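Keep in mind that what you see is a predicted model, and the values were worked out from it rather than measured.
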Amino acid sequence: MSHKSMKDLLASAPKNWGRWGPDDELGSLNFLTHQEVLRGIQSVRLGEVYTLGELIANPKGEPVFPGRTGALKFMTQDKSYYKSGKSNSLPGGGEYSDDGITMYLQGSTQYDAMGHFWYDDHIWNGYSADTTMGGMEKASIVPIGEKGVVGRGVLLDMPRIRGKSRLDKGEEITLQDIKDAASKQGVVIEKHDILVIRTAFLQSFYEQSREEFYDGLNEPGMTYSPELVQWFHQMEIPALCTDTMANEMTVHPESKVLLPLHCALLRNLGIAFNEICNLEKLAAACDRHRKYDFLYVGAPLKVYRGTGAPVNPVAIL
């Protein structure tokens with residue numbers, strides 16, 4: 001067992017800083033050109049639509065990364081206001097309901113801003129981490145919300161391939177696992193594809209106590225290795241989407257560094273992170289049709305200087 005710093009672990013990791021100029025705030029999403037949108041459209045064969053967002057303010061609770069809490073939704077106007085005399089019907093007899101919500105912007109299905117995670121005092125593209133103080137002056141969620149994320153998506157259904165209902169805590173997905181999964185599913189991962197990985201891990205949140213779910217939390221998924229990051233770099237993957245809270249194993253097994261792919265992929269390569277997706281219905285449809293590519297469409301909310309924002313992605317088979 002060794003204990004390294006993030007800087008030591010990623011000392012030789014590739015960067016895309018400056019690739020799209022000194023003012024870039026989109027990172028590898030720049031790969032999603034008009035041609036890539038059209039390539040995504042060409043993958044549509046069935047016209048079936050699947051949304052990938054989790055239910056916000058779910059009364060059963062919401063799986064969120066430790067330190068955050070689920071959304072709190074409250075009514076500010078409903079029929080009880082009229083019955084109690086707190087409100088009067090509008091001229092002509094119309095009435096309405098209204099509500100509000102308090103939530104972490106990364107407390108449900110969401111996109112990270114390019115500048116969300118960093119080390120060594122620099123965020124994406126070399127901007128100073130000081131630009132995050134008081135809100136994201138650089139590399140916020142807004143540029144991603146303005147561009148949108150549209151292209152050919154490819155699902156890798158890891159539990160189904162491994163013959164189990166879901167991946168377990170700390171269960172790793174290696175680069176070879178990714179290649180083998182694509183081969184077994186009969187799908188080719190091409191340059192500029194949006195990679196969607198199902199683990200089904202978050203489904204366990206609803207099947208056990210909160211204490212059991214969070215005890216010894218180490219989500220399943222990919223983790224840092226030089227060959228994995230180099231593959232993402234060479235394939236020019238623009239976005240990574242998973243049904244986990246962090247898109248990666250929480251703890252790197254050798255170095256014990258937390259969330260190294262947030263730095264290797266998001267910070268260094270500018271690969272957009274779409275987390276906490278619900279892939280169950282999409283995965284069932286892909287298995288039923290033996291079709292694992294689709295048009296992926298996602299656009300996070302445009303929150304001023306936001307570090308992330310909710311999104312309800314759409315997959316069209």
As an exercise, state the distance from [atom1] of [X] to [atom2] of [Y], rounded to the nearest 0.5 Å.
| X | Y | atom1 | atom2 | value |
| --- | --- | --- | --- | --- |
| Leu269 | Met114 | CG | CE | 10.0 Å |
| Glu48 | Cys286 | CD | SG | 9.5 Å |
| Thr244 | Met222 | OG1 | CE | 8.5 Å |
| Cys277 | Glu54 | SG | CD | 8.5 Å |
| Asp215 | Ser209 | CG | OG | 9.0 Å |
| Ile141 | Asp112 | CD1 | CG | 7.0 Å |

### Message
Could you work out, with side-chain hydrogen bond (donor to acceptor under 3.5 Å, both in side chains) as the rule, every residue matching Ser108, not counting sequence neighbours?
### Response
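side-chain hydrogen bond (donor to acceptor under 3.5 Å, both in side chains) check on Ser108 returns nothing, list empty.
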According to a hydrophobic-cluster definition based on side-chain heavy atoms being under 4.5 Å apart (Ile, Leu, Val, Met, Phe, Trp, Tyr only), do [X] and [Y] belong together?
| X | Y | result |
| --- | --- | --- |
| Val37 | Val149 | no |
| Trp17 | Leu29 | yes |
| Met249 | Leu266 | no |
| Val303 | Val64 | yes |
| Val229 | Ile237 | yes |

### Query
Should we count NZ of Lys164 as having more than 12 external heavy atoms under 6.0 Å?
yes
### Message
Counting only heavy atoms not in Phe74 (residues, nucleotides, ligands), do more than 12 fall under 6.0 Å from its CZ?
### Response
yes
Is a side-chain N or O of [X] found less than 3.5 angstrom from the main chain of [Y], in a donor-acceptor match?
| X | Y | result |
| --- | --- | --- |
| Thr242 | Thr199 | no |
| Asn125 | Gly21 | yes |
| Asn268 | Ala13 | no |
| Asn58 | Lys60 | yes |
| Thr109 | Asn312 | no |
| Glu248 | Leu261 | yes |
| Gln110 | Pro310 | no |
| Ser140 | Val142 | yes |
| Gln208 | Ser204 | yes |
| Asn30 | Gly27 | yes |

Looking only at heavy atoms, what is the nearest atom pair of [X] and [Y], with distance?
| X | Y | answer |
| --- | --- | --- |
| Arg198 | Ser165 | NH2-O, 3.8 Å |
| Leu167 | Pro220 | CB-CB, 3.7 Å |
| Val154 | Phe294 | N-CZ, 4.0 Å |
| Ser43 | Asp293 | CB-OD2, 3.6 Å |

### Query
Checking side-chain contact (heavy atoms from CB on, under 4.5 Å) for the pair Ile189/Leu156: CA distance, chi angles, key distance, verdict?
CA-CA 10 Å; Ile189 301 173; Leu156 299 180; 4.2 Å; yes
Does a donor on one side chain and an acceptor on the other come within less than 3.5 Å for [X] and [Y]?
| X | Y | value |
| --- | --- | --- |
| Thr33 | Gln35 | yes |
| Glu219 | Thr250 | no |
| Thr223 | Glu172 | no |
| Asp180 | Gln176 | yes |

What I'd like to find out is whether the side chain of [X] reaches to under 4.5 Å of the side chain of [Y], using heavy atoms alone.
| X | Y | result |
| --- | --- | --- |
| His252 | Lys4 | no |
| Phe201 | Asp243 | no |
| Tyr296 | Leu52 | yes |

Could you tell me which residues satisfy side-chain contact (heavy atoms from CB on, under 4.5 Å) with [X], sequence neighbours excluded, listed by chain and number?
| X | value |
| --- | --- |
| Met75 | Lys73, Asp78, Ser97, Asp99 |
| Arg45 | Lys291 |
| Ser183 | none |

### Message
Applying side-chain hydrogen bond (donor to acceptor under 3.5 Å, both in side chains) to Asn16 and Trp124, what does each step give before you reach the verdict?
### Response
CA-CA 9 Å; Asn16 277 331; Trp124 159 251; over 6 Å; no
### Residue list, salt bridge (Lys or Arg N to Asp or Glu O under 4.0 Å) with Glu212, at least two apart or on another chain
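For Glu212, no residue satisfies salt bridge (Lys or Arg N to Asp or Glu O under 4.0 Å) once neighbours in sequence are set aside.
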### Message
Please list all pairs meeting side-chain hydrogen bond (donor to acceptor under 3.5 Å, both in side chains) that have one or both residues in residues 185-194, counting only residues at least two apart or in different chains.
### Response
Glu36-His192, Arg39-Glu190, Arg39-Asp193, Arg152-Asp193, His192-Glu236
### Task
Determine the sole option in Trp118, Tyr224, Phe273 for which the ring pair (Phe, Tyr, Trp, His ring centres under 6.0 Å) test with His262 is passed.
Phe273
### Message
Apply side-chain contact (heavy atoms from CB on, under 4.5 Å) to residues Thr174 and Ser225 and explain how you reach the verdict.
### Response
CA-CA 8 Å; Thr174 66; Ser225 72; over 6 Å; no
### Query
Which word best sums up how the rings of Phe31 and Trp20 line up, parallel for under 30°, tilted for 30 to 60°, or perpendicular for over 60°?
perpendicular
#### Entry: side-chain contact (heavy atoms from CB on, under 4.5 Å) between Leu259 and Phe65, intermediate numbers included
CA-CA 12 Å; Leu259 306 179; Phe65 202 78; 4.2 Å; yes
### Audit row: Arg267, Tyr119, side-chain contact (heavy atoms from CB on, under 4.5 Å) steps and yes/no
CA-CA 9 Å; Arg267 173 195 185 262; Tyr119 69 99; 3.0 Å; yes
### Ring centres under 6.0 angstrom apart (Tyr81, Tyr96)
no
